Amino acid sequence: MPYKVELEATKAAPVKVATPKPSAAPRTASGEKVISKPSAGAAGGAVVAPLPGVVLSIQVKVGDTVQPSDTVVLLEAMKMENAIHAGRAGRVSAINVAAGDSVLEGAPLLTIE
């Protein structure tokens with residue numbers, strides 16, 4: 001048995017969509033940004049983050065002597081711990097991050113002279 005269905009034409013009020021406002025970037029207690037950006041002029045002796053992640057721990061101190069295969073930083077990325085190696089022999093002259101910092105790919109983690 002066929003049915004005949006008719007709909008009433010009604011004018012719907014225009015739907016107003018509120019555009020979300022972008023939130024401010026997170027900051028530390030001192031007011032600095034939490035995410036480190038890669039510096040354009042990373043020194044030749046810089047050990048850089050190979051992928052974005054969170055610094056779990058720093059295995060060396062300023063003044064330590066390292067070999068190319070030494071693990072210098074533990075980086076968590078995609079729920080996995082990644083051991084970042086020195087890549088060259090030398091002495092650690094600067095540490096640019098702290099445990100808990102979020103870093104982007106290419107961000108300098110530390111400098112080896």
Side-chain angles (χ1 to χ4, degrees):
M1 176 183 249
Y3 292 97
K4 185 174 181 183
V5 178
E6 291 183 20
L7 298 175
E8 285 186 29
T10 59
K11 279 193 167 181
V15 178
K16 196 170 200 180
V17 178
T19 55
K21 294 181 182 177
S23 61
R27 301 210 177 247
T28 61
S30 63
E32 297 173 1
K33 290 183 181 178
V34 174
I35 297 178
S36 301
K37 291 186 179 176
S39 65
V47 176
V48 297
L51 63 166
V54 176
V55 176
L56 290 179
S57 65
I58 300 168
Q59 307 292 319
V60 294
K61 298 181 290 295
V62 173
D64 286 356
T65 302
V66 294
Q67 296 302 315
S69 62
D70 290 350
T71 299
V72 292
V73 176
L74 279 179
L75 185 71
E76 179 185 6
M78 298 184 288
K79 308 250 184 223
M80 294 180 63
E81 289 184 12
N82 298 284
I84 311 302
H85 300 288
R88 61 180 277 193
R91 187 179 61 82
V92 177
S93 61
I95 298 176
N96 304 326
V97 295
D101 285 357
S102 294
V103 293
L104 298 175
E105 181 178 353
L109 303 174
L110 54 92
T111 305
I112 298 174
E113 290 180 344

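Computed from a predicted structure; not experimentally measured. Residues: numbered from 1 along the sequence shown.
A distance of 8.5 Å separates CD in E113 from CZ in R88, rounded to the nearest 0.5 Å. Rounding to the nearest 0.5 angstrom, the gap separating the CD atom in E81 from the OG1 atom in T71 is 11.0 Å. Annotation: the span from D70 atom CG to I84 atom CD1 amounts to 13.5 Å, rounded to 0.5 Å.
Side-chain contact check for V47 versus V73: every heavy-atom pair is 4.5 Å or farther apart.
In terms of heavy atoms, E76 sits closest to N82 at C-ND2, 4.5 Å. Between V62 and A94, the closest heavy-atom pair is CG2-CA, 4.3 Å. Across all their heavy atoms, A49 and L75 have their closest contact at CB-CD2, 4.4 Å. Nearest heavy-atom pair across L74 and A83 is CD2-CA, 3.9 Å. For the pair S57 and A99, the tightest heavy-atom approach, listed with the atom from each and the gap, is CA-CB, 4.5 Å. For the residue pair P108 and V97, the shortest heavy atom distance occurs at O-CG1, 4.1 Å.
For the side-chain contact (heavy atoms from CB on, under 4.5 Å) criterion with V72, the lone passing option out of V66, D64, I95, I58 is V66.
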Evaluate the criterion side-chain contact (heavy atoms from CB on, under 4.5 Å) for residue pair K61 and V92; output intermediate values, then yes/no. CA-CA 7 Å; K61 298 181 290 295; V92 177; over 6 Å; no
